[in-house]
Amino acid sequence: MHEFPKFIKKIIRLDIDMRLRVDIGLLHDQFNQMNRQEIFGLAKDRSEAHGIRSLKYLAKVSSSSFGQTGPYQALNGGLLLLDIEKLRAQPEIIAPEYFNKMKQEFGYIPMTDQGGYHLMRYKHPEKVYMLPCLYNYMPVFWIIEEQNLEYHTCLSKPYIEHYAGESLYAEEVLFLFK
């Protein structure tokens, strides 16, 4: 964040496997929806893999919802809104030492940067703005238990589709639902 010139105040980061269906200006407008404390803007992850990576913590703290489908389900880092100006005011929340401490506390195995965002949301929910699902629609992950349907349902027409990796299999699955 210190490497960026001061005139850069906000960043939109997109994975390369995302298809934009609207002007990216609509996504930029989401910064205006963030409150004064929110630094990161991300959408919920529709994959169930994060619950598996949370098993060690859940065995210890059975009342927790960490990593489970629901209000604290994992986030998907394929699309990130980052308010660098706010982050510059509190750089300690992304310090490697702080993330190592959180990983130890939760016994969580983060695979990528999105694991870090998940830890951040659970520990500091006030720092994370939840993007509406239509900004990171993941058509590939739809193996859902009925009791979790409300957390996986996206009734809006997608603005940005996230294909979660380039593969022929994903294209074949998508063909079935068209």
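These figures come from a predicted structure and were not determined experimentally.
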* After noting the C-alpha distance and the side-chain angles of Gln30 and Leu131, does the key distance pass the side chain to side chain contact (heavy atoms under 4.5 Å, CB included) rule? -> CA-CA 8 Å; Gln30 288 295 303; Leu131 285 168; 3.8 Å; yes
* Under the salt bridge (charged side-chain N to carboxylate O under 4.0 Å, His left out) rule, collect the residues that match up with Lys10, sequence neighbours excluded. => none
* Asked: With sequence neighbours left out, what residues match Tyr159 under ring-ring contact (aromatic ring centres under 6.0 Å, His included)?
  ->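 Tyr135.
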* Pairs satisfying ring-ring contact (aromatic ring centres under 6.0 Å, His included), at least one member in residues 80-101, at least two apart ->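 Output for this query lists Tyr98-His124.
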Compare all side-chain heavy atoms of [X] with those of [Y] and state whether any distance is below 4.5 angstrom.
X      : Y      : result
Ile93  : Ile39  : yes
Leu79  : His162 : no
Gln104 : Asn100 : no
Ile160 : Arg21  : no
Ile11  : Leu81  : no
Leu82  : Ile12  : no

* Asked: Going through the checks in order, is the side chain to side chain contact (heavy atoms under 4.5 Å, CB included) test met by Lys157 and Leu134?
  -> CA-CA 7 Å; Lys157 186 175 180 182; Leu134 52 97; over 6 Å; no
* **Residue pairs passing the salt bridge (charged side-chain N to carboxylate O under 4.0 Å, His left out) test where at least one lies in residues 74-85, sequence neighbours excluded** =>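 As it turns out, the salt bridge (charged side-chain N to carboxylate O under 4.0 Å, His left out) pairs with a partner in residues 74-85, which skip direct neighbours, are Lys9-Glu85, Asp83-Lys86.
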* **Qualifying salt bridge (charged side-chain N to carboxylate O under 4.0 Å, His left out) pairs with a residue from residues 27-38, counting only residues at least two apart or across chains** => none
* Please report the shortest heavy-atom distance between Gly77 and Leu42, naming the atom on each side. => CA-CD2, 3.8 Å
* Hey, could you give me the CZ/CE distance between Phe40 and Met120, rounded to the nearest 0.5 Å? =>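 Interatomic distance, Phe40 CZ to Met120 CE, rounded to 0.5 Å: 4.5 Å.
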* Step by step, would you call Leu20 with Leu14 a side chain to side chain contact (heavy atoms under 4.5 Å, CB included)? -> CA-CA 10 Å; Leu20 279 70; Leu14 299 166; 4.0 Å; yes
* **Evaluation steps, side chain to side chain contact (heavy atoms under 4.5 Å, CB included), between Lys123 and Glu105** => CA-CA 10 Å; Lys123 193 78 171 172; Glu105 178 181 347; 2.9 Å; yes
* Does the pair Arg19/Asp17 count as a salt bridge with the N-to-O cut at 4.0 Å? -> no
* Asked: Under 3.5 Å, is there a donor-acceptor pair linking the side chains of Tyr129 and Gln33?
  -> no
